[in-house]
K.L.:
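Following this message is one structure expressed as structure tokens.
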Amino acid sequence: MTNTTSGKPGRATDEFLRHILSRQKCLIVDRASQFDPRGLPSAEQLAETVAFAPQDGSIWLCGQRMMLLQGAAFGAIRRELIEALGIDKARGLLTRIGWQAGARDAAQVSEQWPDGDHASLYSAGPRLHMLEGMVNVEVVRFEIDSGIGHFYSEFLWHNSLEAEQHIATYGLSNEPACWMEIGYASGYASSLLGRLVVFREQECRATGKHACRIIGKPAEEWEDLDADLAHLDAGDFLSRSTYTAGLETELAELPEMPDEPSMVGVSAAFVAATQLLERVAPTQATVLLTGESGVGKELFARTLHQASPRRNTPLVALNCATLPESLVEAELFGVERGAFTGAERSRPGRFERASGGTLFLDEIGTLSLSAQSKILRALQEGEIERVGGTTPIRVDVRVIAATNVDLRREVAEGRFREDLFYRLNVFPIHLPPLRERREDIPLLMSYFLRKFSARHGRQLAGISARLVNALLTYDFPGNIRELQNLIERGVIAAGDGEVMDVFHLSEGGTSPVSPPVGLTAEGRLSAPPEMTGRRSSTPATPERSYEVSRGASDEAPELASLLAFVSGREQALGTSLEEIERLLVQLALERSGGNITAAAQMLGMSRAQVSYRLKGK
């Protein structure tokens with residue numbers, strides 16, 4: 001082994017460190033690749049996509065909100081469906097529900113691991129199905145050749161929840177009973193491969209077999225397909241005739257986001273707001289947008305204008321909070337030449353410039369009572385007068401106002417005119433904060449990643465599951481604007497080919513977000529000991545404490561023994577013990593997202609000891 005002269009360890013030393021650190025699962029992760037050497041998302045990587053947010057009542061898997069449901073409750077739902085609809089219709093309904101779940105998982109896996117090929121991404125499906133608690137999957141035979149369109153898959157399903165509940169309710173059956181699970185397998189494979197793949201259950205535990213045996217093949221390779229198609233949600237594939245043509249399409253992906261500003265979201269709160277926007281857009285009604293700072297009120301206003309009959313007319317925006325009192329009237333209504341010192345020429349105000357179009361008044365709650373009264377008159381009379389002018393000017397303006405304060409409270413406290421409030425509050429639309437539309441966070445992250453990667457000329461490998469989970473459980477006081485800034489910071493901090501992680505978002509060495517409660521590869525709950533930077537609207541209470549696995553602290557004795565092993569071997573390693581400790585500290589900080597306390601517990605040190613080594617860098 002060679003010594004170094006630059007103060008950095010040699011390659012051999014670095015490999016030695018990597019070797020001993022590879023034994024510390026909580027300390028070092030190869031962020032250069034999201035796959036193992038065969039290209040497969042590992043069980044540990046899939047487990048890392050699980051996040052629990054007990055304070056919000058949310059569970060996340062691969063960026064999708066999940067729920068825990070008792071197996072007996074699922075069995076009761078299944079029984080009610082069979083008794084209400086009959087066995088054939090109930091089977092079709094449950095199979096289509098499974099199809100939708102599988103198709104959604106395929107889209108999320110493709111988004112999470114964009115560099116994976118068909119074989120590697122397909123292998124994640126059975127692992128996800130196991131992680132979701134439905135079955136224990138044993139691979140019997142799996143063949144795929146994208147070049148010639150060959151696909152064959154055969155599994156044994158052990159401990160099937162659906163078969164178990166069927167037996168508990170009806171006893172042994174003459175027919176296979178894992179309907180929803182068959183739908184999941186078919187939906188996952190079809191969505192991922194872009195062609196209709198049909199799974200059939202050849203043997204089922206509900207019929208007395210020791211395990212369920214399923215086989216999946218392209219639809220055209222099965223005979224008597226009509227019975228399967230009657231239950232599957234395969235209309236999109238049938239309309240494209242993919243199952244008869246045998247042709248493949250691209251991997252299932254979430255929709256590409258355009259470069260221009262776009263409203264992105266699928267959450268119930270976001271959809272409700274956009275439906276209100278679509279309803280009011282074709283009218284001439286005044287709209288009041290309410291919501292916290294950073295929720296996207298200006299983007300909503302622009303979208304409303306583009307969806308209205310005035311789309312080809314001007315949209316004029318004014319942030320009322322930026323105007324000094326002395327300039328409000330001039331900005332709104334314009335100025336005649338000579339009206340005051342410095343008015344060397346006449347110029348129109350925002351109302352005139354927006355005539356025939358839309359006027360967007362942002363932060364209208366910051367205006368003085370005097371300015372409010374003048375806006376009220378303009379809205380009521382449909383005319384304005386320039387400062388220094390004597391001739392009324394007719395204006396045809398649709399007003400969209402926005403505020404991040406409660407105007408009703410402002411009215412009650414005498415800071416906002418009641419008559420103006422009712423004039424503006426014709427059609428109110430409340431825009432939800434990001435913490436109420438968490439399902440949209442992965443979509444927004446993907447959108448901003450593409451946007452800022454193109455802007456700054458970067459080519460990142462993606463976003464780590466840990467960062468996705470951290471942001472899914474973060475409260476976002478700055479809403480979408482804060483998320484946008486965080487992703488842009490991460491794009492700049494991460495190098496080409498890197499996966500953006502929590503530590504890339506650090507502010508002065510401390511990340512504003514922290515990894516949430518999640519799962520280890522062994523299925524134990526794991527959480528950082530200190531949620532630095534977490535802002536929660538719910539105060540911490542003893543009842544809200546969580547029992548987690550010992551995780552990193554369990555590794556301290558082994559790490560200490562490894563350091564003891566290194567001690568006295570500095571000459572052989574080509575570097576000093578202090579240098580090795582420094583590298584360990586750096587790697588621990590990366591793993592903890594810049595959280596010094598968490599890094600200290602990983603290393604079996606005190607926080608002061610880690611801080612001392614950081615200062616000595």
K.L.:
Minimum heavy-atom separation for Gly462 to Leu449, with atom names?
P.N.:
CA-CD2, 4.3 Å
K.L.:
In Å, rounded to the nearest 0.5 Å, how long is the span from CG of Leu407 to CZ of Arg415?
P.N.:
11.0 Å
K.L.:
Nearest 0.5 Å please: distance from the CG atom of Leu483 over to the CE atom of Met445.
P.N.:
7.0 Å
K.L.:
Mind checking the CZ-CD spacing from Phe448 to Glu488? Nearest 0.5 Å is all I need.
P.N.:
10.0 Å
K.L.:
Using atom types as modelled and distance alone, determine if a side-chain donor or acceptor of Glu482 lies under 3.5 Å from a backbone N or O of Gly478.
P.N.:
yes
K.L.:
Does Ser453 reach the main-chain N or O of Arg450 with its side chain, forming a donor-acceptor pair under 3.5 Å?
P.N.:
no
K.L.:
Test Leu332 against Lys374 for side-chain contact (heavy atoms from CB on, under 4.5 Å), laying out the working first.
P.N.:
CA-CA 9 Å; Leu332 288 172; Lys374 293 169 183 174; over 6 Å; no
K.L.:
Check for a donor-acceptor pair, side chain of Thr358 on one end and backbone N or O of His305 on the other, with a separation under 3.5 Å.
P.N.:
no
K.L.:
Within this structure, what is the CG-SG distance for the pair Leu367 and Cys320, rounded to the nearest 0.5 Å?
P.N.:
4.0 Å
K.L.:
Could you tell me whether the side chain of Glu363 reaches within less than 4.5 Å of the side chain of Thr366, counting heavy atoms only?
P.N.:
yes
K.L.:
Which heavy atom of Thr313 sits nearest a heavy atom of Gly357, and at what distance?
P.N.:
OG1-CA, 3.1 Å
K.L.:
Should the pair His456 and Phe452 be assigned to parallel (<30°), tilted (30 to 60°) or perpendicular (>60°) ring geometry?
P.N.:
parallel
K.L.:
Using a cut-off of 6.0 Å, state whether more than 12 heavy atoms not belonging to Arg302 lie near its atom CZ.
P.N.:
no
K.L.:
Could you check if a side-chain atom of Leu318 sits within less than 4.5 angstrom of a side-chain atom of Phe351, using non-hydrogen atoms only?
P.N.:
no
K.L.:
What heavy-atom pair brings Leu467 and Ile463 nearest, and what distance separates the two atoms?
P.N.:
CD2-CG2, 3.7 Å
K.L.:
Distance only, no hydrogens: is a donor on one side chain within 3.5 Å (strictly under) of an acceptor on the other, for Ser373 and Arg377?
P.N.:
no
K.L.:
Should the heavy atoms of other residues, nucleotides or ligands under 6.0 Å from CD of Glu418 be counted, would the total exceed 12?
P.N.:
no
K.L.:
Give a yes-or-no answer on whether the side chains of Asp440 and Ser267 include a donor-acceptor pair shorter than 3.5 Å.
P.N.:
yes
K.L.:
Could you report the tightest heavy-atom contact between Leu471 and Leu505, atom names first, then the distance?
P.N.:
CD2-CD1, 4.5 Å
K.L.:
Is Glu410 paired with Arg417 through a side-chain N to carboxylate O contact shorter than 4.0 Å?
P.N.:
no
K.L.:
Checking side-chain polar atoms at under 3.5 Å, does Arg398 have a donor or acceptor matched by the opposite partner on Thr286?
P.N.:
no
K.L.:
Would you mind reporting whether Pro428 and Leu276 have side-chain heavy atoms less than 4.5 Å apart?
P.N.:
no
K.L.:
What is the minimum heavy-atom distance between Lys297 and Thr290, and which atoms define it?
P.N.:
CD-C, 4.3 Å
K.L.:
Walk me through it: do Leu434 and Leu444 pass the test side-chain contact (heavy atoms from CB on, under 4.5 Å)?
P.N.:
CA-CA 10 Å; Leu434 197 51; Leu444 289 165; 3.7 Å; yes
K.L.:
Minimum heavy-atom separation for Val264 and Arg437, please, with both atom names.
P.N.:
O-NH2, 2.7 Å
K.L.:
Has the side chain of Arg438 got a donor or acceptor atom that lies under 3.5 Å from a matching backbone atom of Tyr474?
P.N.:
yes
K.L.:
For Arg310, check salt bridge (Lys or Arg N to Asp or Glu O under 4.0 Å) against everything at least two apart and list the hits.
P.N.:
Asp396
K.L.:
Looking at Asp362, Ile429, Leu304, Leu288, which hits side-chain contact (heavy atoms from CB on, under 4.5 Å) with Ile400?
P.N.:
Leu304
K.L.:
Quick one: are Val426 and Val287 in side-chain contact, heavy atoms under 4.5 Å?
P.N.:
no
K.L.:
I'd like to know if the side chain of Asn479 pairs up with that of Glu292 as donor and acceptor (distance under 3.5 Å, no hydrogens or angles considered).
P.N.:
yes
K.L.:
Going by the rule side chain to side chain donor-acceptor pair (under 3.5 Å), which residues pair with Arg350 if we only count those two or more places apart in sequence or in a different chain?
P.N.:
Glu331
K.L.:
So, does Asp406 use its side chain to make a donor-acceptor pair with the main chain of Arg408 at under 3.5 Å?
P.N.:
yes
K.L.:
Quick check: does any side chain N or O of Glu278 sit under 3.5 Å from a backbone N or O of Gln275, one acting as donor and the other as acceptor?
P.N.:
no
K.L.:
Between CG of Leu379 and CD1 of Ile384, what distance do you get to the nearest 0.5 Å?
P.N.:
12.0 Å
K.L.:
If we only count heavy atoms from C-beta on, is the Ile487 to Tyr447 side-chain gap below 4.5 Å?
P.N.:
no
K.L.:
Show the numbers, then the answer: is there a side-chain contact (heavy atoms from CB on, under 4.5 Å) between Leu361 and Ile375?
P.N.:
CA-CA 10 Å; Leu361 299 175; Ile375 289 177; 4.2 Å; yes
K.L.:
Surrounding CD of Gln459 (heavy atoms of other residues, nucleotides or ligands, distance under 6.0 Å), is the total greater than 12?
P.N.:
no
K.L.:
Begin with the C-alpha distance, continue with both residues' side-chain angles, and end with the deciding distance and a verdict on side-chain contact (heavy atoms from CB on, under 4.5 Å) for Val499 and Leu460.
P.N.:
CA-CA 6 Å; Val499 174; Leu460 273 66; over 6 Å; no
K.L.:
Mind checking whether Phe270 and Phe300 have parallel, tilted or perpendicular rings, split at 30° and 60°?
P.N.:
perpendicular
K.L.:
Does Arg458 offer a backbone N or O that forms a donor-acceptor pair with the side chain of Asp496 under 3.5 Å?
P.N.:
no
K.L.:
Would you give the length of the straight line joining atom CE of Met263 to atom CD1 of Ile480, rounded to the nearest 0.5 angstrom?
P.N.:
10.0 Å
